[in-house]
Structures are given as C-alpha cells and as structure tokens.
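In this text the structure is predicted, and so the values were computed from the model without any measurement. Side chains are part of it too, since the values below use all heavy atoms of this structure and drop only hydrogens, waters and symmetry mates.
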Amino acid sequence: VQLQASGGGLVEAGGSLRLSCSASGRTFSGSTVGWFRQAPGKEREFVAAIRWGDGGTSRGDSVKGRFTISRDKAKNTVYLEMNSLKPEDTAVYYCACASGRGLIVSARGDLRQYDYWGQGTQVTVSS
C-alpha cells in the first residue's frame, strides 16, 4: 500500500487548508486512516483518525473544534479540513493506515497501530 498525502502549503493564521490522503495498491476498506504531524524537534503527534467502515472519528485535543476528518468512499480518499489555523499547527503532516483494522477509540492515537505511512506534506502557518 502506498499512501499519498497532498494539500499542504503556506497560509496565514486564521486561514484554512484541506489535506488529502489517497491510497494505491488497495482500498481503505476495513481500515483506520489517521493523520499525524511532526514539528521540528518535536515528537510525532496524533491529529485525527477515521474508521473507514462506520466513519467513526477521533481528534487530538489540540485540534478539536478546528479540524475535521472525513472520507470519500468513491474516491478512496481521506480529507483533513483544517480551519482557524495557528502558527503552532506548523508541521509536516503524515497520513497513515492501519490496514484492515477498524481501531477502537483508545487505539487511534497510537502511531504504533499504523502499518503504512505517506511521505508527508508541509503545512506552514504564518503569524
């Protein structure tokens, strides 16, 4: 499975971006797809995840109320809609897939649960 993340860029504080994650080699059926981010000098942080089958979602505390994760089954794509962006949201954003597993809520933020990772897309928020 190869994951392709796209949609990053430079945006001013308060602005919005939408990231996309698509897969080649298989569909996301039965899987959980997550977004993580990593800023320079920091550990990789959980952002959001969606269970493909029932659409159940989870979000990290730092993005609740601002970021929304969704999926388009027809396009086999997961989106991360990011609103009210802050400079502290600046990071490389990675999508990841727990292939064939619909993770329970408590597991979705654990990066060890994810088998496949995309290459990352840079998001920079200027103040």
Exercise. Would you mind listing every disulfide bond (SG atoms under 2.5 Å apart) that reaches into residues 52-114, with sequence neighbours excluded?
Key: Cys21-Cys95
Practice problem: Applying side-chain contact (heavy atoms from CB on, under 4.5 Å) between Val33 and each of Val78, Leu80, Ile69, report the one that passes. | Solution: Val78
Please round to the nearest 0.5 Å and tell me the distance separating atom [atom1] of [X] and atom [atom2] of [Y].
X: Arg44; Y: Arg37; atom1: CZ; atom2: CZ; result: 13.0 Å
X: Tyr94; Y: Gln38; atom1: OH; atom2: CD; result: 5.5 Å
X: Leu19; Y: Thr77; atom1: CG; atom2: OG1; result: 12.5 Å
X: Lys75; Y: Ser22; atom1: NZ; atom2: OG; result: 11.0 Å
X: Arg59; Y: Thr68; atom1: CZ; atom2: OG1; result: 5.5 Å

Over all heavy atoms of both residues, which pair between [X] and [Y] is shortest? Give the atoms and the distance, please.
X: Ala49; Y: Thr32; value: CB-CG2, 4.2 Å
X: Ala23; Y: Val1; value: CB-CG1, 4.3 Å
X: Gly100; Y: Arg26; value: N-NH1, 4.0 Å
X: Ser84; Y: Ser16; value: N-OG, 4.4 Å
X: Ser20; Y: Trp35; value: O-CH2, 3.5 Å

Quiz item: Quick check: does any side chain N or O of Arg18 sit under 3.5 Å from a backbone N or O of Tyr79, one acting as donor and the other as acceptor?
Solution: no
Exercise. May I ask you to decide if Gln113's main-chain N or O and Arg101's side chain share a donor-acceptor pair within less than 3.5 Å?
Key: yes
Quiz item: Are Val92 and Val125 co-members of a hydrophobic cluster defined by side-chain heavy atoms under 4.5 Å apart?
Solution: no
Quiz item: Among the clusters formed by ILVMFWY side chains lying less than 4.5 Å apart, do Tyr93 and Leu3 turn up in the same one?
Solution: yes
Quiz item: Would you call Asp89 and Lys86 a salt bridge, taking side-chain N to carboxylate O under 4.0 Å as the test?
Solution: no
I'd like a table of donor-acceptor pairs (distance under 3.5 Å, sequence neighbours excluded) in which one partner is a side-chain atom from residues 50-58, with atom names and distances.
from, atom 1, to, atom 2, distance (Å)
Arg51, NE, Asp54, OD1, 3.2
Arg51, NE, Asp54, OD2, 3.3
Arg51, NH1, Leu103, O, 3.4
Arg51, NH2, Asp54, OD2, 2.6
Asp54, OD1, Gly56, N, 2.9
Ser58, OG, Arg108, NH1, 3.0

Quiz item: Any side-chain heavy atom of Ser62 within less than 4.5 Å of one from Glu88?
Solution: no
Practice problem: With side chain to side chain contact (heavy atoms under 4.5 Å, CB included) as the test, would you mind laying out the steps for Leu85 and Phe67 before giving the verdict? | Solution: CA-CA 9 Å; Leu85 282 162; Phe67 291 12; 3.7 Å; yes
Quiz item: Looking only at side chains, do Ser6 and Gln4 share a donor and an acceptor under 3.5 Å apart?
Solution: no
Exercise. Using side-chain hydrogen bond (donor to acceptor under 3.5 Å, both in side chains) as the criterion, list what pairs up with Tyr114, not counting sequence neighbours.
Key: none
Quiz item: Is there a side chain to side chain contact (heavy atoms under 4.5 Å, CB included) between Leu111 and Trp117 once you walk through the steps?
Solution: CA-CA 10 Å; Leu111 56 83; Trp117 292 81; 3.8 Å; yes
Self-check item: Greater than 12 external heavy atoms within 6.0 Å of Gln122's CD
Solution: yes
